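Below: the structure, in structure tokens.
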Protein chains: 2
Amino acid sequence: MNRKKTTPITIKDLAQELNLSASTISRALADHPKISQATKKLVTDKAEQLGFRLNAIASSFRSKKTKSIGIIVPRIDIDFHSRVISGIEDYAYKSGYHVIIFQSKDSYKMEKEIIHNLQNMMVEGMIICLAMETKNFDHLKKLIKTKLPIVFYDRTPETFDTNKITINDFESAFNATEHLIKIGCKNIVHVAGNQSTGIFRARLEGYKAALKSHHLPVQEDHIYVTHNLSYQEGMACTEKILELDPLPDGVFCANDYTAASVVQVLNKRKIKIPEQIAVVGFSDYPIAQIIVPSLTTINDRAVQMGEAAAKMLIQHIQDHDFDIIDHQVITLKTELIVRESSARKT
Amino acid sequence: MNRKKTTPITIKDLAQELNLSASTISRALADHPKISQATKKLVTDKAEQLGFRLNAIASSFRSKKTKSIGIIVPRIDIDFHSRVISGIEDYAYKSGYHVIIFQSKDSYKMEKEIIHNLQNMMVEGMIICLAMETKNFDHLKKLIKTKLPIVFYDRTPETFDTNKITINDFESAFNATEHLIKIGCKNIVHVAGNQSTGIFRARLEGYKAALKSHHLPVQEDHIYVTHNLSYQEGMACTEKILELDPLPDGVFCANDYTAASVVQVLNKRKIKIPEQIAVVGFSDYPIAQIIVPSLTTINDRAVQMGEAAAKMLIQHIQDHDFDIIDHQVITLKTELIVRESSARKT
DNA sequence: ATATTTTGGGCAAATGTTTGCATTAATAAA
DNA sequence: TTTATTAATGCAAACATTTGCCCAAAATAT
């Protein structure tokens, strides 16, 4: 009949019960080598029996280790980011870390605020995908100066070098475009993303480079720059594309939403894909497999990117061999997935 | 030239600098009414100047408030869940809480383990969507007995009452089916989800009830139960459906992936949608708008569900008027979104 | 038998903040 | 002027755990 209120039991209670010191309990629980197996068992059994829970806050407070990492993404409910987060959480969990997630909503102000809060929370590191609005990187530089391990992915700071995981957007776009050329396209247009973002600039450059390397002309009126690569924007673009004379014979889109919209509009106009116009997207979203014809696209390795980011971060947190590393860049291989929308013509 | 190492400055440092006591600093920072505006400004300015950060861990340790809530979802990279999480994070952030997210991967073992960890972490509440594997609810009952506020969503415990946010799956399915009936379908099949999960049973029941209420026969061979409502399973189902004689004139699917697969297979077979067979899905995934014909479906209010869950949870955490509430159930209105796949026949 | 090492634990400090209560200063009432 | 009141701040304890250092006993070596 424990009548002594319902206050949670602490390490001291255990100590008292077992006639041991608090330090021994602490060490036993932490599987410290200096504690005998016998006492360890005694302790864990008693802990179990009494329903003891180690107060993680007190523990963090004393040890200065929170075992938590902060994640900042523009939004969680975007396929790409939710997959990256999934990869991060997976790896982090296996390594004994948990993730605290925030959405910047692409707002610079939010981003700064969140970073500030995360520092107060004493996360041991952060994984960040920059807000679209972020053009000034001072807050990030300051953050990095604090020596807190940070890893960026996808949208990364452009004015200085830092830890990051990206895919080779240039090369991926190059490959995608070259693929179109190899199946016989000679007049390829590109639906591009917001040019204030590095990765979309890189994709555009990759497109151009592929054309040049195959001695095809780069025509400015074949480049359609969108604001956010939405499905709706893609539709509008396609309408404009269809006014071209002659019609292009290939379209490379900077993401799968716009590519899907191109496919749909062409279908509606009874333009044969890929015979008349071949289409290639980017990111391998679920729709890519579902639309008809299915979409050739680039596997952007979202989950792996998350895992790689978590791995890099946790290495920097734990392994002091990494202390002398100024910054580390990992570029993931992408993969061209050829589907019906660019199945070899003829 | 601060040479005294790089140890973070504390409230005491501030106190010393300003010739005040630590308690005053603490109160000033917390905007306590008993502190004069003048000193508050003094303190915040100095804090700013010195780059002071309030140690949130120490604060939590002392105050017993972590301002954190735990979220357990089967997986983050599923449209529905990522949208729910987005809604939760949004509301939580506005209320001064942050979210710690875990994926159970639909594993019962993981779910238990995560709950255990979250309790140690002293989150102030949890929002949970049960793992598919979870059939035994003892760990949840025990959890709830601790008085920690918990809110479930989507997949919720079935053997006892508790706080939860759901949509009315039965009614939604009823409406979807009735919609098909109203546009003239008389021979409707249902692609159902895993019947070990309550929401999918409810959708099946809603389907049946709609048929009955319109004096249409409920035929067991018109019900196709899948394991996880994947796109692939949907394809297989559709093949079987097409062996029916006579062909059905309507299909109601328990999610949009299977509905999309139905649409695609029918397209391939040159079966006109909706003229020959009308199709209705569930959840309003992005594909629903993109496939051709676009998909009639049910808006499942994922984001709102997240917001509602967060709101309910935070109320239970903060407002002691809620202490006398044994449990609270909120059922969200859904919405039938009529698109081309069930545009009135004829 | 003594000296030395190993093994298993205990002591007590330290961590940064919050908070109930006490105290002082300032103002108002008598 | 004295007293009561209010406003603003200080004191010190408490929070649960970890960890460097110390110590006793047991085991091993000499």
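Quick caveat, the model's predicted, so the values are computed rather than measured. Proteins come first, then strands; the chains are lettered A, B, ... in the order of their sequence lines, and each starts at number 1.
- For residues 92-107 of chain A, the set of pairs meeting the salt bridge (Lys or Arg N to Asp or Glu O under 4.0 Å) definition, not counting sequence neighbours, comprises A:Lys105-B:Asp90, A:Asp106-A:Arg155.
- For A:Asp13 and D:dA16, the CG to P distance is 9 Å, given to the nearest whole Å.
- Residues of residues 40-61 of chain B having a heavy atom closer than 4.0 Å to DNA chain C, listed by number: B:Phe52, B:Arg53, B:Leu54, B:Asn55, B:Ala58, B:Ser59, B:Phe61.
- We find that CG of A:Leu14 is positioned 15 Å from C1' of D:dT18, with the value rounded to whole Å.
- Proximity of a side-chain donor or acceptor of B:Thr44 to a complementary backbone N or O of B:Lys40 within less than 3.5 Å is detected.
- Note on residues 308-332 of chain B: pairs passing ring pair (Phe, Tyr, Trp, His ring centres under 6.0 Å), not counting sequence neighbours, are B:His316-B:Phe322.
- Defining each end axis of the helix from C:dA1-D:dT30 to C:dA30-D:dT1 as the rotation carrying four pairs' C1' atoms onto the next four, with five pairs an end, the two axes are found to diverge by 40° to 10 degrees.
- Rounded to a whole Å, the NZ atom of A:Lys65 is 16 Å from the P atom of C:dT15.
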Quick tally for nucleotides 9-14 of chain D: nucleotides whose base has a protein heavy atom under 4.0 Å get B, sugar-phosphate-only ones S, the rest -, giving BBBBBB
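- The backbone N or O of B:Asp154 sits nowhere less than 3.5 Å from a side-chain atom of B:Thr166 that would complete a donor-acceptor pair.
- Atoms CE (A:Met121) and P (C:dT17) sit 16 Å apart, rounded to a whole Å.
- The CD atom of A:Gln37 sits 13 Å away from the C1' atom of C:dT7 (whole-angstrom rounding).
- Under the 4.5 Å side-chain criterion, counting only non-hydrogen atoms from C-beta, B:Ile115 is in contact with B:Ile128.
- The interatomic distance linking B:Gln16 (CD) with C:dG16 (P) rounds to 14 Å, in whole Å.
- Qualifying salt bridge (charged side-chain N to carboxylate O under 4.0 Å, His left out) partners for B:Glu133, counting only residues two or more places apart in sequence or in other chains: none.
- Taking the six-membered ring for Trp and thresholds of 30 and 60 degrees, A:Phe61 and B:Phe61 have ring planes inclined between 30 and 60 degrees apart.
- Around NZ of A:Lys109, the count of heavy atoms belonging to other residues, nucleotides or ligands within 6.0 Å does not exceed 12.
- Across the protein-nucleic acid pair, A:Ile9 atom CD1 and D:dC15 atom C1' stand 17 Å apart, rounded to whole Å.
- Note on A:Ser26: a side-chain N or O is less than 4.0 Å away from OP1 or OP2 of D:dT18.
- Computed from coordinates, the A:Asp31 CG to D:dT18 P distance equals 13 Å when rounded to whole Å.
- B:Tyr108 and B:His139 have perpendicular rings, their planes meeting at more than 60° on a 0 to 90° scale where under 30° would count as parallel.
- For B:Lys12, the side-chain atoms get nearest to C:dT17 when compared with the rest of D:dT17, C:dT17, D:dT18.
- Classified by interplanar angle (parallel below 30°, tilted 30° to 60°, perpendicular above 60°), the ring pair B:Phe80/B:Tyr153 is tilted.
- Nearest heavy-atom pair, A:Gln103 versus A:Ile76, reported as atom, atom and distance to 0.1 Å: OE1-N, 2.9 Å.
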